[in-house]
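Here the structure comes first, spelled out in C-alpha cells, and everything after it is commentary.
Start at 1 with the first residue, then count along the sequence.
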Amino acid sequence: MPLSTAPLARRALPATAALVLLTGCASVGSDLPGPPAVPEARAAQDALLRTAERRLVDDCLTGRGIRATAEPRAPVEDRALQAALFGTGPRELSVTLATGATVTAHSDGCLAAARDRLYGDQRSWFRVQVVVDNLRAEAQARYRDHPAHRAALARWTTCVAPPGRPRPEHPDPEESARCARRTGLDETRARLERAELTEVRALHHEELTTYRQLRDRALRRAVLLPAPTPPPKGDASS
C-alpha cells in the first residue's frame, strides 16, 4: 500500500506560512527610512562638520554653566568663556612641521572636547589636521631654493627694480603681479609646487590616510546628532 503524503503536506504548511510571514515582515521593514546620508559635496561636508562641532561646543559650555552670547560681555566673563572654550595652562598638544613651525593647542577646553566626541581621538585628529592643512606650505618651502625658482625670482627682482633705479621697499602690487607673469615666476612656482606637492603627499601618506578615516567617522556621527533644543523665548543666547 503506498504511503500517504497528507501528513507531510500538513507538516509543511506551518513552515510555508512562517516563510510568508517573514517575507512580509522584511517587506514592511524595508520601507522604514534609513540613517541620514552624508552629503557628497566637499563644501556640504565641511558645513556639516562645522555645525556639528559648534553644537558639541555649545553643549560642553552649557554643561560648565557658561553660555556663549552675541551680547557684549564683561571682561571677566570673556576670560571665563575663553578659558572654557580653549582651555588653560600649558598647551598639551604640539606638532612641529617639516617647515620648522610648531603648532600647539590645549586639550582641556570645550573645543577639544567637541573634537574628541566628533572625531573619536582629538590628539590624532589634531596631529593629522595640522599636517594636512600645511602640505602646501611644506611644498612651497621645498622648492624655494630650487635653481629654476631662484632664476625666476632674480628676473622678477630685476623687473620690479631695474638697474639704476632705487629698489622699492614694497613694490607696487600691480607692477609686482605684472612682473611675476612677464618673468615666468608665477608659472615656475605653479609647476614646482605641483611636483613638490606630489612628493609631500607621498611622504605623508600615513597622516593622509588617518585624516580621511577620522573625517569619515566624524561625518557619520555628525548626521546622527539630534537637532539642538531651541532656546527659551526671549533668550538672546546663540
Side-chain angles (χ1 to χ4, degrees), residues 39-51 53-54 82 85-87 90-107 109 111-112 115 118-119 122-216 218-219:
E40 295 183 4
R42 179 75 180 207
Q45 292 179 356
D46 291 343
L48 173 63
L49 291 176
R50 286 194 299 269
T51 300
E53 185 177 287
R54 175 62 187 272
Q82 294 296 312
L85 186 58
F86 298 111
R91 298 190 173 192
E92 302 87 354
L93 305 179
S94 177
V95 174
T96 299
L97 299 167
T99 59
T102 298
V103 182
T104 61
H106 291 290
S107 64
L111 182 58
R115 289 173 177 172
L118 191 58
Y119 295 96
Q122 62 157 319
R123 291 182 178 273
S124 292
W125 175 249
F126 174 78
R127 178 178 62 85
V128 298
Q129 183 189 32
V130 169
V131 170
V132 171
D133 286 351
N134 287 276
L135 290 177
R136 191 171 300 277
E138 183 175 340
Q140 292 170 349
R142 286 167 62 94
Y143 75 65
R144 188 171 295 123
D145 291 329
H146 192 283
H149 178 254
R150 296 178 66 177
L153 189 59
R155 294 194 300 271
W156 175 86
T157 302
T158 301
C159 179
V160 296
R165 290 172 49 184
R167 182 174 181 176
E169 184 177 355
H170 300 290
D172 177 74
E174 292 185 3
E175 181 68 7
S176 176
R178 184 187 67 81
C179 285
R181 294 190 300 269
R182 178 181 176 185
T183 61
L185 180 60
D186 283 347
E187 187 279 331
T188 299
R189 283 177 169 170
R191 174 171 53 83
L192 293 175
E193 184 177 293
R194 285 193 300 269
E196 293 294 348
L197 197 53
T198 299
E199 294 291 332
V200 167
R201 287 183 177 277
L203 289 172
H204 294 291
H205 173 75
E206 180 181 347
E207 288 92 341
L208 282 165
T209 299
T210 303
Y211 176 89
R212 286 190 288 267
Q213 291 172 344
L214 294 180
R215 180 183 167 89
D216 289 345
L219 286 167

query: Atom OH in Y119, atom OG1 in T210: separation rounded to 0.5 Å?
result: 14.0 Å
- request: Report the C-alpha separation of E187 and R191 in whole Å, then their side-chain angles, then the decisive distance to 0.1 Å, and conclude whether the salt bridge (charged side-chain N to carboxylate O under 4.0 Å, His left out) test is met.
  value: CA-CA 6 Å; E187 187 279 331; R191 174 171 53 83; 3.7 Å; yes
field: Pairwise side-chain contact, R189 with L153, heavy-atom cut-off 4.5 Å (strictly under)
entry: yes
- request: Measure the shortest side-chain to side-chain distance between V103 and F126 over non-hydrogen atoms and say whether it is less than 4.5 angstrom.
  value: yes
- prompt: Short question: side chain of E92, backbone of S107 - any donor-acceptor pair under 3.5 Å?
  reply: yes
message: Has Q45 got a side-chain atom pairing as donor or acceptor with P39's backbone, closer than 3.5 angstrom?
response: yes
query: Salt bridge check: are R50 and E53 linked by an N-O gap of less than 4.0 Å?
result: no
NE2 on H204 to CG on L97, rounded to 0.5 Å: 8.0 Å
message: Contact between S94 and T102 at the side-chain level, heavy atoms closer than 4.5 Å - yes or no?
response: yes
statement: Between T188 and A148, the two heavy atoms sitting closest are CG2-O, 3.7 Å
field: For C159 against R178, the heavy-atom pair lying closest together
entry: SG-NH2, 4.0 Å
message: Within the supplied structure, the quantity of interest is the number of heavy atoms (other residues, nucleotides, ligands) at a distance under 6.0 Å from R136 CZ; does it exceed 12?
response: no
query: So, for R144 and H149, which heavy atoms are closest and what is the spacing to 0.1 Å?
result: O-ND1, 2.9 Å
query: To the nearest 0.5 Å, how far apart are CG in L214 and CG in L219?
result: 11.0 Å
message: Could you measure the distance from the OG1 atom of T198 to the CG atom of L135? Nearest 0.5 Å is fine.
response: 11.0 Å
query: Side-chain contact, heavy-atom cut-off 4.5 Å: W125 with L93?
result: no
- request: For residues Q122 and L111, determine if any side-chain heavy atom of one lies less than 4.5 Å from a side-chain heavy atom of the other.
  value: no
field: Taking every non-hydrogen atom, the tightest pair across R127 and V95
entry: CA-CG2, 3.7 Å
- prompt: Any side-chain heavy-atom pair from V132 and R215 closer than 4.5 angstrom?
  reply: no
- request: Measure the shortest side-chain to side-chain distance between E138 and V131 over non-hydrogen atoms and say whether it is less than 4.5 angstrom.
  value: no
message: Please determine whether the number of non-hydrogen atoms from other residues, nucleotides or ligands lying under 6.0 Å from atom CZ of R182 exceeds 12.
response: no
field: Under 3.5 Å: donor-acceptor pair, side chain of W156, backbone of D186
entry: no
Nearest-0.5 Å distance that lies between atom CZ in R194 and atom OH in Y143: 11.0 Å
field: Short N-O contact, R212 and D216, less than 4.0 angstrom
entry: no
task: Measure across A152 and T183 and return the closest heavy-atom pair with its distance rounded to 0.1 Å.
output: O-OG1, 4.1 Å
